[in-house]
Number of protein chains: 2
Amino acid sequence: MARFKGQAAYSVDAKGRVAIPAKMRSALTPEAQGTFTLTKGFEKCIYAYPQDGWKVKEDEYSELNVNNRKARHLVRMILMWAEEVSLDGQGRISLPRSLSDYAGIGDRALIIGAMDRIEIWDPEAFEDYLQEQTTDQETLAEEVMGS
Amino acid sequence: MARFKGQAAYSVDAKGRVAIPAKMRSALTPEAQGTFTLTKGFEKCIYAYPQDGWKVKEDEYSELNVNNRKARHLVRMILMWAEEVSLDGQGRISLPRSLSDYAGIGDRALIIGAMDRIEIWDPEAFEDYLQEQTTDQETLAEEVMGS
DNA sequence: GGAAAACTCCCCACTTTTCCCCACTTTCCT
DNA sequence: AGGAAAGTGGGGAAAAGTGGGGAGTTTTCC
């Protein structure tokens with residue numbers, strides 16, 4: 001499965017298209033077939049899962065019981081924002097309006113590699129996000145990983 | 001089996017027809033033969049199962065114990081609203097009056113992909129539904145899917 | 001029983017959106 | 001410095017969405 005890292009800012013053209021950095025494109029496995037599933041991020045950004053990685057998530061959701069009210073709601077909330085997009089001949093994807101609105105993306109986008117997914121941020125929204133984070137990296141690492 | 005995702009609003013014409021999004025149409029397996037079974041949703045919406053998926057549901061219901069009063073009632077309630085519809089040449093289905101009345105659908109419909117089924121909502125009814133949901137997505141995910 | 005109304009299922013026609021392709025500019029690498 | 005790869009922009013064909021006409025069937029109601 002692909003692992004993404006790095007970050008770069010790209011322009012979003014009038015048609016809502018953004019280039020995916022060449023480095024990340026080459027990290028894609030053939031199984032992903034140049035296709036991503038975009039969803040709302042937990043933060044104010046768009047998550048882009050390569051097709052093969054998304055498949056795994058989807059399998060988890062498909063096993064939830066439809067007869068459970070909360071499970072139905074969860075599946076609805078997640079899947080309704082999910083949208084499949086493919087790379088065009090120039091290595092770009094086009095961002096659905098609903099998602100770019102949610103993430104507040106205008107004519108620039110910050111693309112961040114985050115392990116099994118790529119995150120697409122509005123540059124200012126990402127700045128704001130950073131400001132909100134008070135804990136320094138060292139402390140964070142200890143809290144999360146130091147047992 | 002087809003897996004549906006995404007969401008889009010479509011108009012319902014004077015004849016009660018709605019387009020099924022092209023993305024969802026292409027997710028249909030050949031076995032579904034462009035046919036859906038519509039039923040009352042558990043929420044105030046219409047559920048549309050592709051023919052092959054509906055078959056599975058039907059099998060589940062048929063295995064319920066006929067000697068159980070509640071089971072008999074459940075099956076009755078579900079089947080009495082079930083209606084089979086097919087895509088026309090333009091990729092639309094027509095909504096039976098009884099079901100669109102139940103869902104409160106007027107001249108616009110919100111189509112949501114929810115795994116093995118498609119949901120058809122009145123846009124305002126869906127807004128209301130969202131208002132009623134209090135739990136945020138992260139909490140919900142934890143409750144439903146475990147740690 | 002028969003006419004009128006309603007509904008279904010074909011069409012066809014028009015508008016809008018999407019996506020595919022080509023071309024130009026910029027950056028990177030040797 | 002020069003060539004290749006990466007990034008950016010736009011035009012045009014094809015597909016998707018929308019609306020309506022009209023034949024054939026069913027339902028309704030007098």
Side-chain angles (χ1 to χ4, degrees), chain A residues 2 4-28 33-38 46 48 51 82-101 105-113 118 120-123, chain B residues 2 4-28 33-38 46 48 51 81-102 105-113 118 120-123:
Chain A
F4 303 103
K5 51 174 171 283
Q7 52 94 9
Y10 284 84
S11 60
V12 180
D13 68 23
K15 296 183 181 178
R17 298 175 298 190
V18 230
I20 298 298
K23 294 245 176 77
M24 298 187 195
R25 289 204 306 264
S26 58
L28 282 174
Q33 294 186 275
T35 302
F36 292 88
T37 295
L38 307 181
I46 301 172
Q51 195 176 46
E83 196 91 35
E84 210 171 285
V85 295
S86 292
L87 291 167
D88 68 11
Q90 281 72 246
R92 294 171 293 194
I93 57 172
S94 62
L95 304 177
R97 274 301 282 282
S98 52
L99 287 174
S100 59
D101 283 353
I105 293 173
D107 62 354
R108 299 290 295 170
L110 185 63
I111 315 265
I112 301 176
I118 291 172
I120 306 171
W121 292 75
D122 173 67
Chain B
F4 303 104
K5 54 171 168 280
Q7 80 31 261
Y10 285 84
S11 59
V12 180
D13 67 22
K15 297 182 182 180
R17 298 175 300 188
V18 229
I20 298 298
K23 293 243 175 82
M24 297 187 195
R25 290 204 305 265
S26 58
L28 283 174
Q33 295 187 276
T35 302
F36 292 89
T37 296
L38 307 182
I46 301 173
Q51 196 174 46
W81 297 103
E83 193 99 29
E84 209 172 287
V85 295
S86 292
L87 291 167
D88 70 11
Q90 280 72 247
R92 294 171 292 195
I93 57 171
S94 61
L95 304 177
R97 274 302 282 281
S98 53
L99 287 173
S100 60
D101 282 354
Y102 165 72
I105 293 173
D107 62 353
R108 298 289 295 169
L110 185 63
I111 315 262
I112 299 177
I118 290 173
I120 306 171
W121 292 74
D122 173 68

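Atoms considered below: every heavy atom in the structure, side chains included; atoms not considered: hydrogens, waters and symmetry mates. To find a chain, count down the sequence lines: A is the first, B the second, and so on, and within it residues start at 1.
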Do B:Phe4 and B:Ile112 pass the side chain to side chain contact (heavy atoms under 4.5 Å, CB included) test, and can you show the C-alpha distance, the side-chain angles, and the key distance before you say yes or no?
-> CA-CA 8 Å; B:Phe4 303 104; B:Ile112 299 177; over 6 Å; no
Just do the side chain to side chain contact (heavy atoms under 4.5 Å, CB included) check on B:Val18 and B:Ile105 with the steps written out, would you?
-> CA-CA 11 Å; B:Val18 229; B:Ile105 293 173; over 6 Å; no
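Looking at residues two or more places apart in sequence or on another chain, you find a salt bridge (charged side-chain N to carboxylate O under 4.0 Å, His left out) between B:Asp101 and B:Arg97.
The side-chain contact (heavy atoms from CB on, under 4.5 Å) test with B:Ile93 is passed by exactly one of B:Asp88, B:Thr35, B:Leu38: B:Leu38.
Using a 4.5 Å cut-off on side-chain heavy atoms (C-beta onward), A:Leu87 and A:Phe36 make contact. Using a 4.5 Å cut-off on side-chain heavy atoms (C-beta onward), B:Ile120 and B:Leu99 make no contact.
Nucleic acid contact for B:Ile93: none, since no nucleic acid atom lies under 4.0 Å from a heavy atom of the residue.
The shortest non-hydrogen separation linking A:Glu83 to A:Pro96 is CG-CG, 3.6 Å.
In summary, B:Lys23 and A:Glu84 do not engage in a salt bridge, as defined by a charged side-chain N under 4.0 Å from a carboxylate O.
Along DNA chain D, the nucleotide nearest A:Ser11 and the nucleotide nearest B:Arg108 are compared for position; the residue whose nucleotide lies closer to the 5' end is A:Ser11.
Boundaries of the chain A contact region on DNA chain D are D:dA6 to D:dG12, first to last in 5' to 3' order (nucleotide atom under 4.0 Å from a heavy atom).
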How would nucleotides 6-24 of chain C be written as a contact map, 5' to 3', with B for base contact, S for sugar-phosphate-only contact and - for no contact, using protein heavy atoms under 4.0 Å?
-> ---BBBB------BBBB--
